[in-house]
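To find a chain, count down the sequence lines: A is the first, B the second, and so on, and within it residues start at 1. Below, each value reflects all heavy atoms present in this structure, side chains not excepted, and no hydrogens, waters or symmetry copies.
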Number of protein chains: 2
Amino acid sequence: MPPKSPKRPASSAVEDYLEQILELINTKGYARVVDIAGRLSISQASVTNMVQKLDADGLLKYEKYRGLVLTTAGEELARNITHRHQLLTDFLQLLGLAPDVIHHDVEGMEHHVSPETVHAIESLTSHLKRRPALLRGIRSGIPATRSRRNF
Amino acid sequence: MPPKSPKRPASSAVEDYLEQILELINTKGYARVVDIAGRLSISQASVTNMVQKLDADGLLKYEKYRGLVLTTAGEELARNITHRHQLLTDFLQLLGLAPDVIHHDVEGMEHHVSPETVHAIESLTSHLKRRPALLRGIRSGIPATRSRRNF
DNA sequence: GAAGAAAGTTAGCCTAGGCTAACTTTTCGT
DNA sequence: ACGAAAAGTTAGCCTAGGCTAACTTTCTTC
Ligand SMILES: [Mn+2]
Ligand SMILES: [Mn+2]
Ligand SMILES: [Mn+2]
Ligand SMILES: [Mn+2]
């Protein structure tokens with residue numbers, strides 16, 4: 001039987017944990033409590049606590065003192081939040097924002113974009129990437145030159 | 001002396017309260033506990049509690065059982081979050097999203113966009129508004145026709 | 001194969017921001 | 001003007017998700 005039936009949407013905190021866990025697994029091959037704590041700038045005790053909750057919720061399998069693996073549900077969620085993070089980062093990069101600003105804003109916004117909005121922004125960024133002239137105009141806050149009639 | 005010295009950035013909850021309070025004042029002329037509660041779908045008791053906190057933080061002046069007014073600081077914050085809300089709504093409307101989706105996403109995202117990002121999105125939307133053809137392409141997820149060489 | 005270091009866990013605490021139930025104050029209708 | 005309804009407040013509770021301090025387990029180094 002599934003560990004938690006009426007699965008509410010994951011909280012921002014849960015999404016941040018899963019995102020970092022997946023990233024650690026993808027880069028180091030495994031995710032240790034101490035590393036998750038480092039990535040999230042959170043105490044190890046808090047991580048242990050949350051990892052136990054995530055286990056209870058069926059998002060990962062955790063063996064005390066040994067390690068953890070994402071379940072299918074957990075990995076799916078992790079990939080999803082990672083995708084939102086990447087998309088928003090891409091989008092704000094197109095707008096020419098500074099890396100720290102981007103990171104700060106993305107880290108908050110990523111938890112609030114619905115699938116429809118994700119799709120719309122994907123479409124937008126893919127279009128904008130093909131229009132460097134328009135982008136330059138946007139970035140400088142100046143109306144884009146339709147062609148190059150005015151300099 | 002100022003009511004709260006090391007003023008941390010306002011929480012999402014605080015911003016939502018101030019936003020609704022300002023809106024009520026602008027439309028009805030005053031903001032009553034019962035209406036704030038209605039707008040935010042929150043109990044009256046919770047509103048009373050928060051209003052007392054906002055008073056302690058110097059964001060509004062509150063007289064028990066009578067009413068409340070925003071302070072300069074509170075109104076400034078309220079106008080600011082309202083502006084972010086409006087901007088994001090505008091932006092997502094341009095992308096052709098459904099009103100409920102827009103409202104849901106904006107209500108969450110608005111608390112996480114820094115001034116730089118606000119400015120960049122303002123520039124973006126103002127540019128997009130002048131390019132209906134590009135917008136149609138974005139909305140349908142289809143590459144925009146550069147001019148009308150291909151139909 | 002210890003001993004010390006590093007990692008992990010537990011216990012107990014805290015804050016924000018919700019809730020309900022019970023009480024008080026204000027307003028409204030007759 | 002007074003009694004009921006509406007609005008507002010208080011008290012007590014709850015959950016999520018942080019924290020530190022103290023303890024335990026695992027790893028590393030000799
Ligand atoms: Mn995040
Ligand atoms: Mn993220
Ligand atoms: Mn909001
Ligand atoms: Mn809002």
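- One can place OH of A:Tyr65 at 12 Å from P of D:dC27, the figure rounded to the nearest angstrom.
- Using a distance-only test at 3.5 Å, with no hydrogens or angles considered, a donor-acceptor pair links the side chain of B:Thr48 to the main chain of B:Gln44.
- Where A:Met50 and A:Arg66 meet DNA chain D, the nucleotide closest to each residue was compared, and A:Met50 sits on the side nearer the 5' end.
- There is a side-chain donor-acceptor pair under 3.5 Å between A:Thr117 and B:Asp105.
- Contacts between chain A and DNA chain C, taken as any atom within less than 4.0 angstrom of a protein heavy atom, begin and end at C:dA7 to C:dT10.
- Donor-acceptor pairing under 3.5 Å is recorded for the side chains of A:His83 and A:Glu122.
- Where A:Lys64 and A:Tyr17 meet DNA chain D, the nucleotide closest to each residue was compared, and A:Tyr17 sits on the side nearer the 5' end.
- Aromatic rings of A:Tyr17 and A:Tyr62 (six-membered ring for Trp) have centroids beyond the 6.0 Å cut-off, not under it.
- No hydrogens or angles considered: a donor-acceptor pair under 3.5 Å links the side chains of A:Gln86 and A:Asp90.
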